[in-house]
Amino acid sequence: MVIAFIGGIILGFLFFYSLNFGTNEIKKFKNPSLFIFVTSLLRIFLLLAGFYYLAQNSGHRFFAALVGAILSRVYIVYFYKNRKE
């Protein structure tokens with residue numbers, strides 16, 4: 001279950017880092033709505049596939065991975081709110 005928790009943290013960081021990357025890079029594209037649509041689908045697919053792999057048909061492992069992803073979101077929001085520019 002610890003591996004699922006750590007994997008959830010990693011998945012959460014990947015998900016929210018790619019969200020930040022996508023919002024910063026949107027200005028470079030000619031068709032930004034297509035870019036956001038494709039990156040959103042890729043992020044969601046990666047997150048769901050990661051949860052499926054980490055859970056391995058166990059609700060406890062899935063919950064541990066989900067808690068890890070939520071904690072990474074809380075950390076990232078706290079980090080960006082308190083970042084000095």
Side-chain angles (χ1 to χ4, degrees):
M1 216 159 54
V2 174
I3 294 173
F5 178 72
I6 294 170
I9 290 173
I10 293 169
L11 282 173
F13 275 116
L14 286 173
F15 183 84
F16 292 110
Y17 177 76
S18 63
L19 175 64
N20 184 31
F21 175 78
T23 54
N24 289 336
E25 297 296 316
I26 195 170
K27 297 171 259 185
K28 297 179 182 178
F29 288 91
K30 194 174 191 178
N31 192 354
S33 60
L34 180 64
F35 174 72
I36 289 295
F37 178 71
V38 170
T39 57
S40 296
L41 285 179
L42 287 173
R43 280 187 292 117
I44 291 170
F45 177 74
L46 176 70
L47 188 68
L48 290 178
F51 279 156
Y52 180 77
Y53 177 74
L54 289 173
Q56 296 177 357
N57 292 331
S58 172
H60 297 294
R61 289 184 189 148
F62 175 76
F63 185 70
L66 183 64
V67 168
I70 291 170
L71 284 178
S72 68
R73 181 203 178 274
V74 169
Y75 176 77
I76 288 173
V77 168
Y78 177 79
F79 175 75
Y80 278 108
K81 275 189 175 181
N82 295 325
R83 184 175 63 164
K84 296 183 195 259
E85 295 187 27

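Basis for what follows: all heavy atoms, side chains included, without hydrogens, waters or symmetry-related copies. One is the number of the first residue; the rest follow in order along the sequence.
- The cluster map of Ile, Leu, Val, Met, Phe, Trp and Tyr, joined by side-chain heavy atoms under 4.5 Å apart, puts Ile70 and Leu54 in the same cluster.
- Hydrophobic clustering places Phe5 together with Ile76 (ILVMFWY residues linked when any side-chain heavy atoms are closer than 4.5 Å, directly or through intermediates).
- Surrounding CG of Asn24 are more than 12 heavy atoms belonging to other residues, nucleotides or ligands, all under 6.0 Å away.
- Phe15 and Phe79 end up in the same hydrophobic cluster when Ile, Leu, Val, Met, Phe, Trp and Tyr side chains are linked at under 4.5 Å.
- Atom-to-atom distance recorded for Leu19:CG and Thr39:OG1 is 8.0 Å, nearest 0.5 angstrom.
- The shortest non-hydrogen separation linking Phe51 to Ala69 is CZ-CB, 3.9 Å.
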message: Applying side-chain contact (heavy atoms from CB on, under 4.5 Å) to Asn20 and Phe16, what does each step give before you reach the verdict?
response: CA-CA 6 Å; Asn20 184 31; Phe16 292 110; over 6 Å; no

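- The CZ atom of Phe35 lies 9.0 Å from the OG atom of Ser40; values are rounded to the nearest 0.5 Å.
- Closest of all the heavy-atom pairs between Ser33 and Asn31 is OG-OD1, 3.1 Å.
- For the atom pair Tyr53 OH and Arg61 CZ, the distance stands at 10.5 Å (nearest 0.5 Å).
- Remark: the backbone N or O of Ala55 is not paired with any side-chain donor or acceptor of Ser58 at under 3.5 angstrom.
- Counting heavy-atom neighbours within 6.0 Å of Leu42 CG, excluding the residue itself, gives a total above 12.
- Here the CG-CG distance, from Leu14 to Leu47, works out to 9.5 Å after rounding to the nearest 0.5 Å.
- The salt bridge (Lys or Arg N to Asp or Glu O under 4.0 Å) contacts involving residues 10-34 comprise Glu25-Lys28, where partners must be two or more places apart or lie in separate chains.
- If you chain together hydrophobic residues whose side chains sit under 4.5 Å apart, Met1 and Phe63 never meet in one group.
- Note on residues 69-78: no pairs pass salt bridge (Lys or Arg N to Asp or Glu O under 4.0 Å), not counting sequence neighbours.
- Leu71 is connected to Tyr75 through a chain of hydrophobic side-chain contacts under 4.5 Å among Ile, Leu, Val, Met, Phe, Trp and Tyr, so both are in one cluster.
- When all heavy atoms of Gly12 and Ser72 are compared, the pair lying nearest together is CA-OG, 3.1 Å.
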